[in-house]
Peer 1: 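One structure, pasted below without further comment.
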2 protein chains.
Amino acid sequence: MLQTRLIDIAIDQFGRLGFDGTSTRDIARASGTAMSSITYHFGGKEGLYLACADHIAQGIRERHATSIDLMLDAGTLDRPTAVQRCLAIVDSFAQIMLHSGSERWARFIVREQQAPTEAFERLYQGVMKDMIEGFCALLAVVKPELPPLELRALAMLIFGQTLVLRAARASVCKALGTPELGDTEAQLLRNRIRENSLAILNGGIE
Amino acid sequence: MLQTRLIDIAIDQFGRLGFDGTSTRDIARASGTAMSSITYHFGGKEGLYLACADHIAQGIRERHATSIDLMLDAGTLDRPTAVQRCLAIVDSFAQIMLHSGSERWARFIVREQQAPTEAFERLYQGVMKDMIEGFCALLAVVKPELPPLELRALAMLIFGQTLVLRAARASVCKALGTPELGDTEAQLLRNRIRENSLAILNGGIE
DNA sequence: GTCTATACTACGATAGAC
DNA sequence: GTCTATCGTAGTATAGAC
């Protein structure tokens with residue numbers, strides 16, 4: 001489908017070069033079509049950009065439906081189960097950040113975070129909001145003593161451990177002395193994230 | 001000084017709009033000079049871009065000389081002292097990420113991480129390398145049982161907690177329900193980072 | 001050293017053929 | 001629905017005046 005092909009290539013280009021750095025001519029050429037197709041299907045460059053954001057949000061939501069399910073019945077869980085679910089979700093995030101398939105749309109999202117536009121709003125409302133709130137519901141079971149705002153902060157900081165694998169990938173590779181993160185490094189990082197998260201979740205409980 | 005003014009404004013523009021999205025005309029106009037000054041002083045747009053990277057690396061190095069000092073004699077420390085220094089350094093990073101003055105060059109760096117160019121090499125060699133290795137030396141005292149590669153991974157993951165405050169600032173603000181991170185939110189996040197880091201550093205030790 | 005003027009290229013949007 | 005052709009704008013680089 002032409003629209004999908006245009007969006008896929010556009011996500012890659014926008015993520016790599018930014019909105020201004022990306023040329024609709026290049027996107028059209030790489031899609032094997034004429035530039036005016038973009039005008040026809042999306043109304044212009046900006047319409048295509050927003051369509052990319054919607055496509056990413058929908059893609060994440062579909063691919064991680066199982067993680068979302070793990071958060072729904074948080075209120076009914078006991079603490080050890082909630083801890084295990086938290087660890088599973090964090091590991092799922094880590095895998096997303098490590099997987100090379102996430103590279104294209106991760107670049108798009110990170111770029112939006114630096115200078116949010118309407119596209120960020122769509123990404124947040126489309127998928128991030130539910131994920132953050134669901135994770136906080138689990139954390140509330142694990143750390144019932146924390147007020148809601150602290151739980152939100154904690155959720156984002158734990159998430160930061162996985163985000164660094166994408167947002168500072170170049171530094172992580174340099175630090176580990178590897179040109180890219182292969183299976184060995186991925187396993188090592190996931191294990192360490194798990195141990196760190198466990199320590200954080202059990203911290204203050206003796 | 002004209003060169004400095006050009007670089008300051010260029011860092012802001014490059015960080016905000018990316019290399020392609022930034023126009024040398026705009027930079028020159030905002031600096032109150034002619035566009036050809038950029039060609040004269042930096043050889044062109046790319047030369048200016050690399051000069052920005054060097055300027056950022058030097059700036060960070062100067063401003064955080066005290067943090068760097070805290071890492072130098074790691075080998076001679078006992079464990080509790082090393083833990084305290086780690087916490088101090090992480091808090092220092094957190095303050096950098098929280099401080100609005102870091103916004104301009106943080107955007108530049110995060111952008112480079114997504115699609116590294118020659119500028120990233122200069123940033124890494126100029127300042128990141130020493131910081132990461134120094135922090136790892138402290139971690140080696142805290143967790144002598146971990147092999148070097150694990151220490152590197154641990155360092156980057158701990159750093160991720162502070163990075164998220166910049167790289168995903170838009171999401172953090174949304175999650176905390178605030179338009180920007182003020183003093184209240186900053187204090188809350190720093191405290192939580194400290195507690196998380198303490199739990200990680202003491203994890204596995206009973 | 002800093003400016004103006006200009007050459008050249010590439011951009012996004014759009015009109016109109018098919 | 002998809003193409004080609006074209007318009008107006010904006011980009012970098014460069015030559016040359018001062």
Side-chain angles (χ1 to χ4, degrees), chain A residues 1-56 104 107-108 111-112 114-122, chain B residues 1-56 104 107-108 111-112 114-122:
Chain A
M1 194 173 181
L2 179 60
Q3 267 128 309
T4 313
R5 194 161 67 247
L6 279 168
I7 287 177
D8 279 339
I9 291 170
I11 289 172
D12 192 60
Q13 298 278 345
F14 282 133
R16 214 176 285 274
L17 305 169
F19 184 82
D20 295 291
T22 299
S23 118
T24 52
R25 280 181 155 89
D26 285 348
I27 294 172
R29 194 180 316 124
S31 309
T33 184
M35 201 203 63
S36 47
S37 301
I38 292 172
T39 311
Y40 179 78
H41 285 293
F42 304 100
K45 191 183 189 179
E46 196 167 323
L48 175 58
Y49 190 76
L50 293 176
C52 288
D54 291 337
H55 189 256
I56 289 172
R104 288 166 52 259
R107 265 196 292 251
F108 188 101
R111 203 173 274 275
E112 266 299 313
Q114 301 305 296
T117 68
E118 163 73 15
F120 176 73
E121 195 64 31
R122 298 201 187 193
Chain B
M1 194 176 182
L2 179 59
Q3 266 128 308
T4 313
R5 196 162 65 247
L6 279 169
I7 287 176
D8 279 338
I9 291 170
I11 289 172
D12 191 60
Q13 298 278 352
F14 282 133
R16 215 176 283 275
L17 305 169
F19 184 81
D20 296 289
T22 299
S23 124
T24 53
R25 273 191 225 276
D26 286 348
I27 294 171
R29 194 180 318 125
S31 308
T33 183
M35 201 210 67
S36 47
S37 301
I38 292 171
T39 310
Y40 179 78
H41 285 293
F42 304 100
K45 190 183 189 179
E46 196 166 323
L48 176 58
Y49 189 75
L50 293 176
C52 288
D54 290 337
H55 190 255
I56 288 172
R104 288 166 51 260
R107 265 196 292 251
F108 188 101
R111 205 173 273 275
E112 264 301 313
Q114 301 305 296
T117 69
E118 163 73 16
F120 175 73
E121 195 65 29
R122 299 202 185 191

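Computed from a prediction, not measured in an experiment: that's the story for all the values here. The sequence lines fix the lettering, A, B, ..., with proteins before strands; numbering per chain opens at 1.
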Peer 1: Between atom CZ of B:Arg16 and atom CG of B:Asp12, what is the distance when rounded to the nearest 0.5 Å?
Peer 2: 4.5 Å
Peer 1: Are any of the side-chain heavy atoms of A:Glu112 and A:Tyr49 separated by less than 4.5 Å?
Peer 2: yes
Peer 1: Between A:Arg5 and A:Asp8, does any NZ, NE, NH1 or NH2 come within less than 4.0 Å of an OD or OE carboxylate oxygen?
Peer 2: no
Peer 1: What distance separates B:Arg107 CZ from B:Ile11 CD1, expressed to the nearest 0.5 Å?
Peer 2: 11.5 Å
Peer 1: Round to the nearest Å and state the distance from B:Leu17 atom CG to D:dA10 atom P.
Peer 2: 15 Å
Peer 1: Measuring from the side chain of A:Leu2 (C-beta onward, heavy atoms only), which nucleotide among D:dT2, C:dC3, C:dT2 has the closest atom?
Peer 2: D:dT2
Peer 1: Who are the side-chain contact (heavy atoms from CB on, under 4.5 Å) partners of B:His41, not counting sequence neighbours?
Peer 2: B:Leu2, B:Gln3, B:Ser37
Peer 1: Other residues, nucleotides and ligands only: do more than 12 of their heavy atoms fall within 6.0 Å of CD on B:Glu118?
Peer 2: yes
Peer 1: Under 4.0 Å from OP1 or OP2 of D:dT2: is there any side-chain N or O of A:Tyr40 that close?
Peer 2: no
Peer 1: Nearest whole angstrom, please: distance from the C1' of D:dA13 to the NE2 of B:His41.
Peer 2: 16 Å
Peer 1: Can you measure B:Ile27 atom CD1 to D:dA10 atom C1' for me and round it to whole angstrom units?
Peer 2: 15 Å
Peer 1: Across nucleotides 5-18 of chain C, 5' to 3', mark each nucleotide with B, S or - according to how protein heavy atoms within less than 4.0 Å reach it.
Peer 2: ------BBBBB---
